[in-house]
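The next block holds one structure in the form of structure tokens; read it before the comments.
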Amino acid sequence: MTDYNDQSNLKQRPKLPIEAIKTAIGNGDEQRLKALLSNEVFDELEKSHLIDLAKQSGNTDIVKLLEGTPATP
């Protein structure tokens, strides 16, 4: 059972989506990445890091997908 008043659980939750996004990029899973990005807004630094990761994997479709993702300054 999740204790929503436990601050340690709340602090760990934001890590889960970013790890899943990195895994989808690494696996070249464009459909999974689209689903994960549907509710995410990154800051410019996070977005840049994910684009660099996608460029390293060599998947241009994923790079384009990430470049079109909204980001906050």
Result block: side-chain N/O donor-acceptor pairs under 3.5 angstrom for residues 21-41, not counting sequence neighbours:
| unit_1 | atom_1 | unit_2 | atom_2 | d |
| --- | --- | --- | --- | --- |
| Thr23 | OG1 | Glu19 | O | 2.9 |
| Asn27 | ND2 | Thr23 | O | 3.4 |
| Asp29 | OD1 | Arg32 | N | 3.2 |
| Ser38 | OG | Ala35 | O | 2.8 |

What pairs of donor and acceptor atoms, side-chain ones from residues 46-55 against any protein atom, are under 3.5 angstrom apart with sequence neighbours left out?
| unit_1 | atom_1 | unit_2 | atom_2 | d |
| --- | --- | --- | --- | --- |
| Glu46 | OE1 | Asp43 | N | 3.2 |
| Lys47 | NZ | Glu67 | O | 3.0 |
| Lys47 | NZ | Thr69 | O | 2.7 |

Considering all heavy atoms, the nearest Asp61-Asn59 contact: N-OD1, 3.1 Å
